[in-house]
Engineer: 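Take this structure, written in structure tokens, and hold onto it; I'll ask about it next.
Bear in mind the structure is a predicted one, so any value in this text is a computation, not a measurement. Chain letters run A, B, ... following the sequence lines, proteins first and then strands; every chain starts at 1.
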Amino acid sequence: MPEGNELHRWAEMHNTAFGGKKVRVEGPNGRFEDAVLLDRKVLKRVTAVGKHLGYDFGPDRVLHVHMGLYGDFTEGTGKAPEMRGALRLRISTPNDWLELRGPTDCSVWTTEKWNALRERLGPDPLNGDDPKRAYERIAKRKTPIGLLLMDQEIFSGLGNIFRAELLFRARLSPFRAGNEVDAAKLKRIWKDSGKLMRDAMEDRRIVTTKPADRPHKKGPALNEEAHYVYRRQGRPCFICGTKVMTKVMGGRNLFWCPVCQAE
DNA sequence: GCCTTATGCTCAC
DNA sequence: TGAGCCTAAGGCT
């Protein structure tokens, strides 16, 4: 159940373990028969773009993985474990292995299709992209900013946790129209997203609260104080004490503080 | 054990 | 706008 931080961490790990090496590729549950196209070939490199992963095995041999809501990897060293359960994909060398379960997509793409995806996606805070195009798009739209932040063609890699937390940290209402969002504030949100996602990559955990704002100000954040508003509906805002609200926006649960993020 | 929920996206209507 | 995909974890019994 990943957002961009997790995808980029996977790309790094899988590059380290498998990049430039000849690998075994297997699709044991029968839902990835194209594994034979890649098996015993060299995996050149692994790239993360937004929430997508591309495993480059050469021209028209790009393994595309999208996790959807459920996908997850497990990795390990040494001999791969017994195949079991709904295992979609296994990549292995004699030294390392990974297993993939539950992705929305695991299929071999043409280079053209992969490039078209990259073209379609908006700037990714973790890829050093230029955010200018995203700013321009947002400034033209009357759509609420809470929806625009989730649109992968505007920014790529942000998901439901970052939507809620970035808006809170910017003290911006999710219902504010894109064209009414202050330009400087939008810039700060972009910078903030890069920082939060890089921290999350390192920590392997998304923590958005500042220590000074937490009930326990010392030490690492407890799970229940790692986020300002995400899944904290009905509980008091750490800043003002008002109950955190929730509502479905864009088919996903949105969380916000009606006072700190007044419309 | 069962039920609900979930960091996502696509397609049909 | 809503259903469908498909898996795991956590809360409940």
Side-chain angles (χ1 to χ4, degrees), chain A residues 1-11 27-32 48-54 64-75 81 83-90 98-107 109 113-114 116-118 120-122 124-126 143-144 146-169 174 189 192-209 221-235 244 246-256:
Chain A
M1 296 154 274
E3 297 197 27
N5 56 298
E6 201 61 14
L7 274 295
H8 281 260
R9 195 183 64 82
W10 279 322
N29 74 348
R31 292 198 40 201
F32 182 45
V49 191
K51 294 171 190 164
H52 302 255
L53 285 167
H64 174 256
V65 173
H66 194 288
M67 294 306 212
L69 203 46
Y70 315 118
D72 202 7
F73 283 110
T74 50
E75 297 100 348
M83 302 266 188
R84 72 188 159 68
L87 178 56
R88 186 77 61 88
L89 165 75
R90 173 193 279 172
L98 68 77
E99 292 183 343
L100 172 64
R101 293 163 204 277
T104 288
D105 188 41
C106 170
S107 61
W109 281 18
K113 192 171 177 185
W114 173 252
L117 171 73
R118 301 193 59 150
R120 181 171 66 77
L121 291 172
D124 179 338
L126 291 174
T143 308
L147 280 176
L148 295 174
L149 286 189
M150 295 282 278
D151 183 341
Q152 299 297 301
E153 297 188 17
I154 293 185
F155 295 121
S156 63
L158 302 183
N160 203 25
I161 297 181
F162 286 118
R163 155 170 85 170
E165 296 297 303
L166 286 168
L167 288 171
F168 181 89
R169 284 166 61 98
I189 289 176
D192 203 26
S193 70
K195 175 189 163 3
L196 289 181
M197 289 171 83
R198 277 189 294 275
D199 288 350
M201 277 180 76
E202 223 168 281
D203 300 346
R204 302 204 49 189
R205 175 180 183 219
I206 300 175
V207 176
T208 58
T209 49
L222 304 177
N223 280 338
E224 58 266 31
E225 54 185 31
H227 313 309
Y228 286 103
V229 289
Y230 177 73
R231 292 191 65 170
R232 292 196 66 247
Q233 69 276 22
R235 307 186 36 206
V244 172
T246 185
K247 183 185 179 184
V248 174
M249 181 193 262
R252 317 297 304 286
N253 294 320
L254 167 72
F255 307 89
W256 81 102

Engineer: Find the distance A:Glu153:CD to B:dT10:C1' and express it as a whole number of Å.
Structural biologist: 13 Å

Engineer: Return the value, rounded to whole Å, for the distance between atom CG of A:Leu147 and atom C1' of B:dC9.
Structural biologist: 15 Å

Engineer: With rounding to the closest Å, how many angstrom separate the P atoms on C:dC6 and B:dG1?
Structural biologist: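 It comes out at 25 Å once rounded to the nearest Å.
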
Engineer: B:dC9, B:dG8, C:dA8: which one has an atom nearest the side-chain heavy atoms of A:Arg101?
Structural biologist: C:dA8

Engineer: Is A:Asn160 close to A:Arg231 at the side-chain level, that is, under 4.5 Å between some pair of heavy atoms?
Structural biologist: no

Engineer: Just how far, in rounded Å, is C1' of B:dG8 from CG of A:Asp105?
Structural biologist: 12 Å

Engineer: Taking only the side-chain nitrogens and oxygens of A:Arg252, find out if one of them lies under 4.0 Å from OP1 or OP2 of B:dA6.
Structural biologist: no

Engineer: Expressed in whole Å, how much space separates the C1' atoms belonging to B:dT10 and C:dA8?
Structural biologist: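 Per the computed distance, 22 Å lies between those C1' atoms.
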
Engineer: Check whether any side-chain N or O of A:His66 sits under 4.0 Å from OP1 or OP2 of B:dG8, and answer yes or no.
Structural biologist: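 It does not, given that no N or O in the side chain of A:His66 lies less than 4.0 Å from OP1 or OP2 of B:dG8.
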
Engineer: Under 4.0 Å between a side-chain nitrogen and a carboxylate oxygen: does that hold for A:Glu3 and A:Lys51?
Structural biologist: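 Salt bridge: no.
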
Engineer: Under 3.5 Å, is there a donor on one side chain and an acceptor on the other for A:Thr208 and A:Glu165?
Structural biologist: yes

Engineer: NA contact type, A:Phe162, heavy-atom cut-off 4.0 Å: base, sugar-phosphate, or nothing?
Structural biologist: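 It contacts nothing in the nucleic acid.
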
Engineer: Separation of A:His52 atom NE2 from B:dT7 atom C1', in whole Å?
Structural biologist: 14 Å

Engineer: When the distance from CG of A:Asn160 to C1' of B:dA6 is rounded to whole Å, what number comes out?
Structural biologist: 9 Å

Engineer: Looking at A:Leu254, is its backbone amide N or carbonyl O close enough to the side chain of A:Thr246 to form a donor-acceptor pair, meaning the two atoms are under 3.5 Å apart?
Structural biologist: yes

Engineer: State which residue, out of A:Arg118, A:His52, A:His8, fulfils the side-chain hydrogen bond (donor to acceptor under 3.5 Å, both in side chains) condition with A:Asp124.
Structural biologist: A:His8

Engineer: Is A:Asn253 near enough to B:dA6 that one of its side-chain N or O atoms lies under 4.0 angstrom from OP1 or OP2?
Structural biologist: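 Indeed, a polar side-chain atom of A:Asn253 lies that close.
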
Engineer: Could you list the protein-to-nucleotides 2-6 of chain C atom pairs, N/O on both sides, closer than 3.5 Å?
Structural biologist:
| unit_1 | atom_1 | unit_2 | atom_2 | d |
| --- | --- | --- | --- | --- |
| C:dC6 | OP1 | A:Arg31 | NH1 | 3.1 |
| C:dC6 | OP1 | A:Arg31 | NH2 | 3.1 |
| C:dC6 | O2 | A:Tyr70 | OH | 3.0 |

Engineer: So which nucleotide does B:dA12 pair with, by the Watson-Crick or G-U wobble rule with both distances under 3.5 Å?
Structural biologist: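 The base-pairing partner of B:dA12, which may sit in any strand shown, is C:dT1.
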
Engineer: Rounding to an integer number of Å, can you tell me how far A:Glu99 CD sits from C:dA8 C1'?
Structural biologist: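 Going from CD in A:Glu99 over to C1' in C:dA8 covers 15 Å.
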
Engineer: From CD of A:Glu6 over to P of B:dT7, roughly how many Å is that when rounded to an integer?
Structural biologist: 15 Å

Engineer: Quick one: does A:Arg204's side chain get under 4.5 Å of A:Glu6's, heavy atoms only?
Structural biologist: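 In contact.
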
Engineer: Looking at C:dA9, which nucleotide sits across from it as a Watson-Crick or G-U wobble partner, both distances under 3.5 angstrom, or is there none?
Structural biologist: B:dT4

Engineer: Would you find a donor on one side and an acceptor on the other, under 3.5 Å apart, between the side chain of A:Thr143 and the backbone of A:Leu148?
Structural biologist: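 No: the side chain of A:Thr143 does not pair with the backbone of A:Leu148.
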
Engineer: Do the side chain of A:Glu99 and the main chain of A:Phe73 share a donor and acceptor less than 3.5 angstrom apart?
Structural biologist: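 No, A:Glu99 side chain to A:Phe73 backbone: no donor-acceptor pair under 3.5 Å.
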
Engineer: Report yes if a side-chain nitrogen or oxygen of A:Lys51 is closer than 4.0 Å to either non-bridging phosphate oxygen (OP1 or OP2) of B:dC9; otherwise report no.
Structural biologist: yes

Engineer: Figure out the CE/C1' separation between A:Met67 and C:dA8, and round it to whole Å.
Structural biologist: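 Taking CE of A:Met67 and C1' of C:dA8, I get 13 Å after rounding.
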
